[in-house]
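Quick note: numbers below take in every heavy atom, side chains included, and nothing from hydrogens, waters or symmetry partners. So you know, we letter chains A, B, ... as the sequences are listed, proteins then strands, and number each from 1.
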Amino acid sequence: MLGFLSARQTGLEDPLRLRRAESTRRVLGLELNKDRDVERIHGGGINTLDIEPVEGRYMLSGGSDGVIVLYDLENSSRQSYYTCKAVCSIGRDHPDVHRYSVETVQWYPHDTGMFTSSSFDKTLKVWDTNTLQTADVFNFEETVYSHHMSPVSTKHCLVAVGTRGPKVQLCDLKSGSCSHILQGHRQEILAVSWSPRHDYILATASADSRVKLWDVRRASGCLITLDQHNGKKSQAVESANTAHNGKVNGLCFTSDGLHLLTVGTDNRMRLWNSSNGENTLVNYGKVCNNSKKGLKFTVSCGCSSEFVFVPYGSTIAVYTVYSGEQITMLKGHYKTVDCCVFQSNFQELYSGSRDCNILAWVPSLYEPVPDDDETATKSQLNPAFEDAWSSSDEGG
Amino acid sequence: MPGPADVVRVSASPPPLPTLTGLRDDKLTPFSSSPGLGGTPGETVRHCSAPEDPIFRFSSLHSYLFPGTIKSRDMSRKRHHLVPETFGVKRRRKRGLVESDPLRGEPGSARAAVSELMQLFPRGLFEDALPPIVLRSQVYSLVPDRTVADRQLKELQEQGEIRIVQLGFDLDAHGIIFTEDYRTRVLKACDGRPYAGAVQKFLASVLPACGDLSFQQEQMTQTFGFRDSEITHLVNAGVLTVRDAGSWWLAVPGAGRFIKYFVKGRQAVLGMVRKSKYRELLLSELLGRRAPAVVRLGLTYHVHDLIGAQLVDCISTTSGTLLRLPET
């Protein structure tokens with residue numbers, strides 16, 4: 001570390017290298033810390049978490065009780081012991097609260113003034129953060145499993161919605177109506193994700209074992225259906241291509257958008273090249289997945305070798321993305337973990353599970369340096385020599 | 001207030017072995033308890049005395065047989081092993097001189113693993129009518145890094161040395177067969193039958209050209225010039241199995257018996273672990289037991305498959321490798 005600092009100082013190395021090396025080291029040291037806590041508000045399991053991309057300060061959580069809570073993650077107190085407090089929440093007494101479980105929440109990608117939430121009550125609601133009122137509601141015929149808004153796009157405000165029906169709907173926030181339907185899947189859509197690299201590229205994962213990449217500007221069907229066996233591309237019939245041997249539950253693009261990770265109920269995780277749809281054949285081993293709905297996993301950002309954090313039963317498994325090596329299993333939850341998010345500024349991981357807890361995994365590298373005031377007040381006597389006699393004993 | 005416990009790691013280097021050194025230089029670490037809920041670092045290691053020599057040699061024999069199992073259960077220590085790497089400090093380790101036989105491939109590679117496993121296949125059981133089949137999961141138990149194993153198998157597939165075949169019982173289970181063995185057995189099986197012509201045409205034209213697991217309608221009719229009747233002949237011969245409308249998997253004729261024995265044997269060996277107290281068994285004890293009559297393919301064959309398919313967890317202990325059923 002000192003070598004890196006002096007190299008950076010003298011200009012021998014790029015400053016980015018030190019940043020990446022230190023971020024990787026911090027991610028490798030993630031564990032539960034007694035000093036870090038998240039306030040417990042939810043009465044049901046937590047289905048989804050999202051941290052706003054602008055500052056990385058506020059986190060939204062959506063639960064099976066329909067409640068949405070907003071937390072402030074920043075530690076502005078001088079002490080090391082800190083509980084992330086809930087700033088506000090949309091509880092059961094709110095007139096516009098979702099009637100059933102909230103499946104996905106997402107901040108508006110460009111500022112924290114707005115967020116969207118979708119739920120099993122067949123609606124997608126757009127909320128104004130400051131007043132906590134719904135600005136708009138989109139109604140669907142089927143329960144909504146997942147929605148996503150493009151994190152990079154400035155040209156469109158489309159929200160992709162995956163429901164129990166086989167059609168992917170694109171809702172336009174500007175006009176307030178569903179503008180597009182993408183047809184191609186045969187069963188329910190469990191996860192949708194926009195590419196962080198291209199404005200118009202969308203990936204959808206469905207229970208029919210297929211993952212499709214779409215360009216939403218195209219009138220005809222999808223661009224690519226991912227094939228796990230990397231068969232010949234010349235075949236016109238793509239109907240036999242499957243990405244997994246079971247339902248595909250979760251999708252995550254890497255932070256540069258060049259690769260796509262998918263998990264399925266066949267207990268496998270696959271890494272795909274997102275430009276040509278090729279299976280890179282990186283083998284992560286068995287990634288247990290029993291979830292009947294979507295599984296929300298996440299990738300680290302800013303490390304020299306990226307890591308993927310996948311909920312694995314009641315633990316979180318950490319793998320390196322490009323080599324498939326399992327680094328560790330983070331144990332701490334009592335029940336199944338449903339979602340996790342990574343805060344890339346401080347390399348922290350937050351995970352929510354069915355035991356109604358959100359746990360914060362913090363890099364722990366050094367022992368805390370004791371304060372000067374503490375040593376002055378601490379007794380210098382060895383406890384063995386301390387007097388156990390007390391004047392109250394004498395009274396009898 | 002307890003201070004951080006000293007991390008005492010007792011490790012000894014295994015005797016140098018000429019082949020199948022899939023061992024990483026982490027060596028055999030003594031059994032240590034996994035970190036508890038939010039435990040602080042440094043409290044996770046139990047002090048262990050150095051293992052005695054005879055026991056150690058025995059357990060190293062099992063690491064020779066199953067090098068893919070030597071994975072430290074204590075995952076958190078492995079993270080700290082990666083930490084100096086990220087800062088560019090690489091400890092150069094001198095690896096002992098290893099003879100590499102160019103025919104067998106690099107020791108620890110997929111090619112060597114496949115050859116090794118082919119020896120375990122009981123040819124006599126099928127009267128030599130079936131080519132020796134090895135499963136992909138068995139290769140994983142011998143080659144510790146799965147991605148490397150997959151890539152090497154793919155290279156071998158592209159060079160045409162092996163064929164990968166979809167075994168019907170599980171979409172994930174792929175059988176690996178040497179192309180030569182496959183060709184000779186299929187020709188022998190279809191000798192004198194009405195579909196012999198179509199099969200020979202298939203073996204001569206399609207097999208060398210297309211290394212995939214499956215074939216599509218357009219491919220067969222246009223590129224290779226097969227008529228529908230010939231395709232039906234191929235399905236009757238057992239060389240192709242129907243996958244979907246207009247696409248077929250490559251198959252091995254007569255593999256039904258093998259698959260039946262395999263599935264039954266796998267369940268039986270897994271049952272042996274399940275019935276033991278605490279649902280765990282030492283590998284040495286499992287291999288020493290008498291195989292139940294249902295297990296026709298051999299205990300070692302099935303154990304390789306179970307370890308590679310992660311149907312049992314492998315934990316290294318001071319008495320050798322322990323196989324335990326996963327909790328989930």
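- Residue Arg20(A) does not touch chain B at all, counting heavy-atom pairs closer than 4.5 Å.
- To the nearest 0.5 Å, the span separating CG on Asp150(B) from CG on Asn283(A) amounts to 4.5 Å.
- Considering all non-hydrogen atoms of both residues, Lys286(A) and Ala309(B) come closest at CD-O, 4.5 Å.
- Between Trp249(B) and His229(A), the ring planes lie perpendicular to each other; the angle is over 60°, past the 30° to 60° tilted range.
- With hydrogens and angles ignored, the 3.5 Å screen pairs a side-chain donor or acceptor of Arg151(B) with a backbone N or O of Thr280(A).
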